[in-house]
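Below is one structure; the comments refer to it alone.
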Amino acid sequence: MSIVRSKYYGIIRGVTVGISFFLQIGLMIFLSVYLMRYSIIVYFILEIVSVITVFVLVNNAESYKMSWIIIILVLPVAGLFLYFMWGRKRVNSSYFRQFRDIDAKMMQNLKQNEDIVQDLERQHPNKVQISRYLRKEGFPIYNNTYATYFGSGEKVLEAMIEDLKQAKKFIFMEYFIVSDGKIWRDILEILTQKIKEGVIVKLLFDDFGTLRINTQAFRKDIKSRGIEMSIFNPIHRDMARMSFNYRNHKKITVVDGNIAYTGGFNLADEYANYIERFGHWKDSGIRLYGDGVYSFTCFFLNMWRIVNKNVVINDIDYKPHTHVFQEGYVQPFMGGPHRNPHNPTEGAYTRMINKARDYIYITTPYLVLDQNMRDDLVSAAQSGVDVCIIVPRIYDKWYVYMVNVSNYGKLMEAGVHIYEYVPGFIHAKNVIADDECAICGTINTDYRSFYLHYECGVFLSEMDAIKDMKEDFLKTLEKCEEMDLVRWSKRPIGNKLMQATLKVLSPLL
């Protein structure tokens, strides 16, 4: 394939899938109109099914149910089709059973040291319920792990690249987005050198996030360097089931089993501000060194098995071989649609909010809240907790920003402080509470992160990194403008209507 053809290969794939998608949507609408005109009995039956579905949703405690109810009522037949493809938590499908089976095997390797649990409960009684919840979901808590917080994409990527250079045994990298540029070229050259030194290198990328770079020439080049690469959920596969909507949003790097990175950053130049897309890009990340890295190693190998059809790998062979003594606790965790309707990513966030006593600080690019989480934030603020949320002023998706703004009112009325980051785009995903605990990871406060994407993060307790996260938050506030309830209420009527409409459609965004 020529260089020119390779350059546009990803774009052509994306356009092809996009056309297929809109053809399916058009077909749904055509069928609903056709049935209404020419097959009134069938249409009437589907109307009854739609009404029954609405009653099921109303009596179901799932999030975002009201949005789906309105979509189904406005588009009785097409909305019903959309809900059955996108809205249902298809926990018993073969697609998700495979994930759960492999998850169960992974959990057998993630054993909890009960002495650590007892130490935590003695030292940290105020937030121990958060850790208990994550342990119940299968994620052990560790001590003897250093945690280093980075308040920018530039700093975390620079540190990660230096650690890649020191790899002796293996490198695992799992990312949503990879784009051609300085970051990727620098990493690729390091990985190529490491292969020559006998280091095992495995790369796992999401197909949608790597759409432009994932060409035949790209894959051939990676293979020629001796690097093992797998692609998660190719977007052209299973179009009829819309399973392409489930994306791998995790960001994980593991070096020799001793070092792990996660956070909001991907492998693209905008994350380090080498190029400007939406003003100054503010991101974050965290580096673990020690026992807690093993969970991230297992998370990577878990997805590697799923993509590579249960390839046999012994997780124990990749355990940390370093020994450090460090106070404090780290608890890596992950989630995905196969765990719905009780996804640990959302559960960890809601428990952080509900357990806060003095303050809770949240940094997120997407404030697309469901009713339950909004109520939790409102309840915390009304109880005297200082609830502060930083969101972007310069957005990457205008329609998501409109939903962000639509959520300001109810929160500000309850006393929640909302700040927009004036210089650009906030992409960091952090939660900090009471100087006692924090979460740093890949999780946005939106429908996709809580129900459709595979995500990961790390819960921190009694670590110096928590203080660093708080200081970064307060420093970022200096570059923010606090939103005003009176001014928000006087925004143009057209914006209000658009925001209300998009808020209803938020499960589809």
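- Using a 4.0 Å cut-off between charged side-chain N and carboxylate O, Arg351 and Glu137 make no salt bridge.
- Between the side chain of Thr476 and the main chain of Leu474, no donor-acceptor pair closer than 3.5 Å is present.
- A salt bridge links Arg185 to Asp180: at least one charged side-chain nitrogen sits closer than 4.0 Å to a carboxylate oxygen.
- Sorted by first then second residue, the salt bridge (Lys or Arg N to Asp or Glu O under 4.0 Å) pairs that include residues 374-383, not counting sequence neighbours, number zero.
- Residue pairs meeting the salt bridge (Lys or Arg N to Asp or Glu O under 4.0 Å) criterion with at least one partner in residues 394-418, sequence neighbours excluded, do not occur; the list is empty.
- Remark: of the listed residues Thr210, Asn266, Thr253, Thr253 is the sole one forming a side-chain hydrogen bond (donor to acceptor under 3.5 Å, both in side chains) with Tyr175.
- Closest approach of Pro332 to Pro140, counting heavy atoms only: CD-O, 4.4 Å.
- Counting only distance, with no hydrogens or angles, the side chain of Asn343 and the backbone of Gly336 share a donor-acceptor pair below 3.5 Å.
- The residue from Phe300, Phe176, Phe232 that alone fulfils the ring-ring contact (aromatic ring centres under 6.0 Å, His included) condition with Tyr454 is Phe232.
- Salt-bridge formation is detected for the pair Asp119/Arg122: a Lys NZ or Arg NE/NH1/NH2 atom is positioned less than 4.0 Å from an Asp or Glu carboxylate oxygen.
- Without hydrogens or angle criteria, Thr442 side chain to Cys456 main chain gives a donor-acceptor distance under 3.5 Å.
- Using a cut-off of 4.0 Å between Lys/Arg side-chain N and Asp/Glu carboxylate O, Lys429 and Glu455 are scored as not salt-bridged.
- Counting heavy atoms of neighbouring residues, nucleotides and ligands inside a 6.0 Å radius, atom CE of Met229 exceeds 12 of them.
- The pair Lys169-Asp317 fails the salt-bridge criterion, with no side-chain N (NZ, NE, NH1 or NH2) lying under 4.0 Å from an Asp/Glu carboxylate O.
- Panel note: side chain Trp281, backbone Tyr274; no donor-acceptor pair is recorded below 3.5 Å.
- Residues Arg448 and Tyr366 fail the side-chain proximity criterion, which asks for heavy atoms closer than 4.5 Å.
- The shortest side-chain heavy-atom distance between Ile313 and Arg305 falls under the 4.5 Å cut-off.
- The nearest pair of heavy atoms linking Glu482 to His417 is OE2-ND1, 2.8 Å.
- Note on Glu162 versus Lys165: salt bridge recorded, some NZ/NE/NH1/NH2 to OD/OE distance being below 4.0 Å.
- Pairing each heavy atom of Asp283 with each of Phe265, the nearest pair is OD1-N, 3.5 Å.
- The number of heavy-atom neighbours closer than 6.0 Å to CD of Gln123, taken from other residues, nucleotides and ligands shown, is above 12.
- Screening Val391, Ile443, Asp446 for a side chain to side chain contact (heavy atoms under 4.5 Å, CB included) with Thr364, the sole residue that qualifies is Val391.
- With a 4.5 Å cut-off on side-chain heavy atoms, Tyr419 and Cys388 count as touching.
- Remark: Arg247 is not positioned above the aromatic ring of Phe208, lacking an NZ or CZ atom under 6.0 angstrom from the ring centre and at most 45 degrees off the axis.
- Shortest non-hydrogen contact noted between Leu411 and Val378 is CD2-CG2, 4.1 Å.
- Contact between Met352 and Ala438 at its shortest, heavy atoms only, is CE-CA, 3.8 Å.
- In this structure, the side chains of Tyr401 and Glu420 come closer than 4.5 Å at one or more pairs of heavy atoms.
- Screening residues 135-155 for ring-ring contact (aromatic ring centres under 6.0 Å, His included) gives Phe139-Phe299 as the qualifying pairs, with residues at least two apart or on separate chains.
- Although no hydrogens or angles enter the test, the distance criterion places no donor-acceptor pair under 3.5 Å between the side chain of Asp358 and the main chain of Asp386.
- Side-chain contact check for Arg287 versus Met160: every heavy-atom pair is 4.5 Å or farther apart.
- Heavy atoms from other residues, nucleotides or ligands lying under 6.0 Å from CD of Glu327 number 12 at most.
- Side-chain contact between Leu134 and Ser131 is absent, with no heavy-atom pair separated by less than 4.5 Å.
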